[in-house]
Amino acid sequence: MGIYAVKSAALELARHNIGNPAARLLFYMADECWDEKRGDAEPRRYYVGRASLAIAPGYLAPRNDSDAARTAVKRCVRELVEAGLIRRVRIGRNGVPAEYELLLESSRLGASSSVIRDPIPFLNRMAQGDGW
């Protein structure tokens with residue numbers, strides 16, 4: 001579904017100091033979104049409820065709807081919003097899930113010059129033949 005968003009998430013997480021639970025949450029959201037517009041579904045949008053989000057930081061059913069799981073999801077979402085990696089589009093309530101926009105590039109890598117803004121040092125060493 002969102003393979004290019006997942007690849008973009010990996011690059012963005014390398015640029016930010018994001019904790020492991022929030023990073024897992026971003027990967028989960030990126031994997032669940034569409035890379036491009038599909039029918040009425042906008043690209044890079046995540047629409048699933050909080051109980052599903054709680055799986056990413058490690059809360060499996062039935063604990064994924066616990067107070068601890070809700071707190072963990074809120075903390076992860078806040079971290080990703082503050083880092084500028086996601087934007088809250090709609091607050092969830094009464095059976096309507098929250099909606100988030102992933103502020104990631106989701107076109108094919110290399111198709112857009114905005115995908116790689118700064119060179120990644122590891123990749124530069126590999127290109128120069130320094131190897132591991």
Side-chain angles (χ1 to χ4, degrees):
M1 285 171 51
I3 189 66
Y4 297 109
V6 170
K7 290 179 178 186
S8 180
L11 290 172
E12 290 301 323
L13 289 167
R15 292 184 178 106
H16 293 81
N17 188 21
I18 303 296
N20 184 41
R24 289 170 50 185
L25 187 71
L26 183 63
F27 278 129
Y28 182 78
M29 293 170 92
D31 186 50
E32 292 291 320
C33 75
W34 293 106
D35 283 324
E36 299 166 351
K37 187 170 176 66
R38 296 260 177 132
D40 292 338
E42 293 294 324
R44 297 171 310 281
R45 295 289 173 98
Y46 182 84
Y47 303 93
V48 182
R50 186 173 37 222
S52 293
L53 277 177
I55 294 168
Y59 291 90
L60 299 178
R63 292 181 356 141
N64 63 330
D65 201 26
S66 67
D67 289 338
R70 284 188 213 99
T71 300
V73 168
K74 285 181 184 179
R75 188 179 310 120
C76 292
V77 166
R78 184 178 335 111
E79 188 173 351
L80 295 172
V81 167
E82 289 173 358
L85 297 173
I86 66 172
R87 180 179 70 85
R88 189 175 286 116
V89 175
R90 177 181 63 216
I91 296 172
R93 65 174 73 85
N94 298 332
V96 177
E99 180 179 344
Y100 299 95
E101 178 182 13
L102 282 64
L103 303 175
L104 303 170
E105 179 66 47
S106 66
S107 60
R108 296 175 191 262
L109 293 178
S112 170
S113 61
S114 67
V115 173
I116 300 177
R117 292 183 290 272
D118 299 315
I120 300 172
F122 173 77
L123 294 178
N124 285 341
R125 286 195 313 256
M126 291 297 288
Q128 295 169 358
D130 292 342
W132 291 90

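Everything numeric here is computed off the predicted structure, so don't read it as measured data. We number each residue from 1, following the sequence as shown.
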Should we say atom CZ of R88 is surrounded by more than 12 heavy atoms from elsewhere, each under 6.0 Å from it? no
Which atom pairs, donor and acceptor, lie under 3.5 Å between side-chain atoms of residues 45-56 and protein residues at least two apart or in another chain?
from, atom 1, to, atom 2, distance (Å)
R45, NH1, E99, OE2, 2.6

About how many Å separate CD1 of I91 and OH of Y100, when rounded to the nearest 0.5 Å? 8.5 Å
Grab the two heavy atoms, one from P57 and one from R24, that are nearest each other, plus how far apart they are. C-NH2, 3.7 Å
Drop me the distance from L85's CG to L26's CG, to the nearest 0.5 angstrom. 6.0 Å
For E79 and A22, which heavy atoms make the closest approach, and how far apart are they? OE1-CB, 3.5 Å
Any chance you could measure E12, atom CD, to L104, atom CG, to the nearest 0.5 Å? 6.5 Å
Minimum heavy-atom distance E105-S8, with the two atoms named: O-CB, 2.9 Å
Any chance NZ of K74 has more than 12 other-residue heavy atoms, nucleotides or ligands included, within less than 6.0 Å? no
Nearest 0.5 Å, what's the CG-CG distance between L80 and L13? 7.5 Å
Any pair with a residue in residues 58-72 that passes side chain to side chain donor-acceptor pair (under 3.5 Å), sequence neighbours left out, goes on the list, sorted by first then second residue, please. D67-R70
All side-chain hydrogen bond (donor to acceptor under 3.5 Å, both in side chains) counterparts of D40, not counting sequence neighbours: none
Separation of E32 CD from L102 CG (nearest 0.5 Å): 11.0 Å
Between A30 and A9 the two heavy atoms that sit nearest each other are CB-CB, 4.4 Å
With rounding to the nearest 0.5 angstrom, report the CE to CZ distance, M29 to F27. 13.5 Å
Taking the side chain from D35 and the backbone from A5, do they hold a donor-acceptor pair closer than 3.5 Å? yes
